[in-house]
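Take a look at the structure below.
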Amino acid sequence: MRFDIITLFPELFGPFLTSGVTRRAYQDGRVDVHLWNPRDYGEGNYRRVDDRPFGGGPGMVLMAEPLYLTLEAIRAARQDRVPAPLVLFSPIGEAITQAVVNHWAAGEGAILLCGRYEGVDQRFIDAYVDVQLSLGDFVLSGGEIPAMALLDAVARLQPGVLGDANSSLQDSFNPALDGLLDCPHYTRPEHWRGRSVPPELLGGNHAQIERWRREQRLSITARARPDLIERARASGALSADDEHVLRRAAPGQSPTEL
């Protein structure tokens, strides 16, 4: 799996690629990351990559030609039999959800374009961008943070990256949890500053533990993301016991009060 990242600030990715559990994926090439700076293909002695927008207005726009030359260099380096998709991070893009992450995690990679300033010349977008993705309904200074978010989410799903192969199965939004949010987690000590671990987790009764965790997931999801409950219900993932838990989960109830 290979990701080529087009960014004016490749130095931002240095700490990201060498820190945390996902560094394993980058270091051994399971997720092969290459950084490309359009300034290397910019115009003139100053390697210009941006200019003022036609029609006036504030800010600068990334020019089409340096991006085109960068993309051509990436295509030549990749030598893909089927050209890798070019992804632009943009407010008009599809929101990055776990389903989106799962799609990219099962693929062979992509070329990620990190926009800056007021955006990218629309002619380049129209000619070469295949997919647009968004991190959410807010504005960032550039596409580097969304690119890191996608890389991190994809890398942790690669075999052998997480210490426990089952860790990702317990993540929020995972189909193994019927798309629900995860339950609360506790560790030692058993008592901390007047707060105790729920007794259901202490007896070693695995059936009781799993039942408690399911109830917590249902309660938390119903309160924080009722849309996920409706999605699970529509897919037939909720049992009669689940529906009973949801009926008695009062709004505003603490996740440990069930």
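Computed from a predicted structure; not experimentally measured.
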Are any of the side-chain heavy atoms of [X] and [Y] separated by less than 4.5 Å?
X      : Y      : answer
Leu150 : Phe89  : yes
Pro146 : Leu140 : yes
Thr18  : Tyr26  : no
Leu177 : Ser172 : no
Asn174 : Gln98  : no
Gln132 : Val87  : no
Leu151 : Thr22  : no
Arg52  : Met60  : yes

On a heavy-atom basis, which atom in [X] and which in [Y] lie closest, and how many Å separate them?
X      : Y      : value
Ala64  : Asp121 : N-CB, 4.0 Å
Val49  : Gly42  : CG1-CA, 4.2 Å
Pro53  : Pro58  : CG-O, 4.3 Å
Leu62  : Gly115 : CD1-CA, 4.1 Å
Ala155 : Val161 : O-CG2, 3.3 Å
Arg30  : Gly160 : NH1-C, 3.1 Å

Do the side chain of [X] and the main chain of [Y] share a donor and acceptor less than 3.5 angstrom apart?
X      : Y      : answer
Ser19  : Pro15  : yes
Gln158 : Ala105 : yes
Arg75  : Ala84  : yes

Can you tell me how far apart [atom1] ([X]) and [atom2] ([Y]) are? Round to the nearest 0.5 Å.
X      : Y      : atom1 : atom2 : answer
Glu65  : Arg48  : CD    : CZ    : 14.5 Å
Asp28  : Arg23  : CG    : CZ    : 11.0 Å
Ser141 : Phe9   : OG    : CZ    : 9.0 Å
Arg195 : His191 : CZ    : NE2   : 14.0 Å
Ile125 : Ile92  : CD1   : CD1   : 7.0 Å
Asn37  : Ile5   : CG    : CD1   : 12.5 Å

When you group the ILVMFWY residues by side-chain heavy-atom contacts below 4.5 Å and let the links chain together, are [Y] and [X] in the same group?
X      : Y      : value
Val61  : Leu67  : no
Trp192 : Val197 : no
Val120 : Tyr117 : yes
Leu113 : Met63  : no

[X] atom [atom1], neighbour heavy-atom count above 12 within 6.0 Å:
X      : atom1 : answer
Leu35  : CG    : yes
Asp227 : CG    : yes
His206 : NE2   : no
Glu94  : CD    : no
Phe138 : CZ    : yes

_Testing Leu181, Leu246, Asp182 one by one against Thr221 for a side chain to side chain contact (heavy atoms under 4.5 Å, CB included), which residue passes?_
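When side chain to side chain contact (heavy atoms under 4.5 Å, CB included) is applied between Thr221 and each of Leu181, Leu246, Asp182, only Leu181 qualifies.
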*In this structure, which one of Leu112, Leu71, Ile74 forms a side chain to side chain contact (heavy atoms under 4.5 Å, CB included) with Leu86?*
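By the side chain to side chain contact (heavy atoms under 4.5 Å, CB included) criterion, Leu86 pairs with just one of Leu112, Leu71, Ile74: Leu71.
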*Yes or no on side chain to side chain contact (heavy atoms under 4.5 Å, CB included) for Phe173 and Thr97, after CA distance, side-chain angles and deciding distance?*
CA-CA 9 Å; Phe173 313 114; Thr97 64; over 6 Å; no
[Y]/[X] salt bridge by N-O under 4.0 Å criterion:
X      : Y      : result
Arg233 : Glu230 : yes
Arg211 : Glu200 : no
Arg116 : Glu144 : yes
Asp178 : Arg214 : yes
Glu108 : Arg78  : no

*Can you label the angle between the Tyr128 ring and the Phe124 ring as parallel, tilted or perpendicular, going by 30° and 60°?*
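Answer is tilted, since the angle falls between 30° and 60°.
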*Could you go step by step and tell me if Asp130 and Ile111 meet the side chain to side chain contact (heavy atoms under 4.5 Å, CB included) rule?*
CA-CA 10 Å; Asp130 300 298; Ile111 302 169; over 6 Å; no
*asked:* Under the criterion side chain to side chain contact (heavy atoms under 4.5 Å, CB included), I'd like the reasoning laid out for Ile229 against Leu180: C-alpha separation, chi angles, the key distance, then a yes or no.
replied: CA-CA 7 Å; Ile229 292 290; Leu180 304 177; 3.9 Å; yes
*Can Thr7 and Phe13 be said to form a side chain to side chain contact (heavy atoms under 4.5 Å, CB included), step by step?*
CA-CA 10 Å; Thr7 171; Phe13 289 85; 3.9 Å; yes
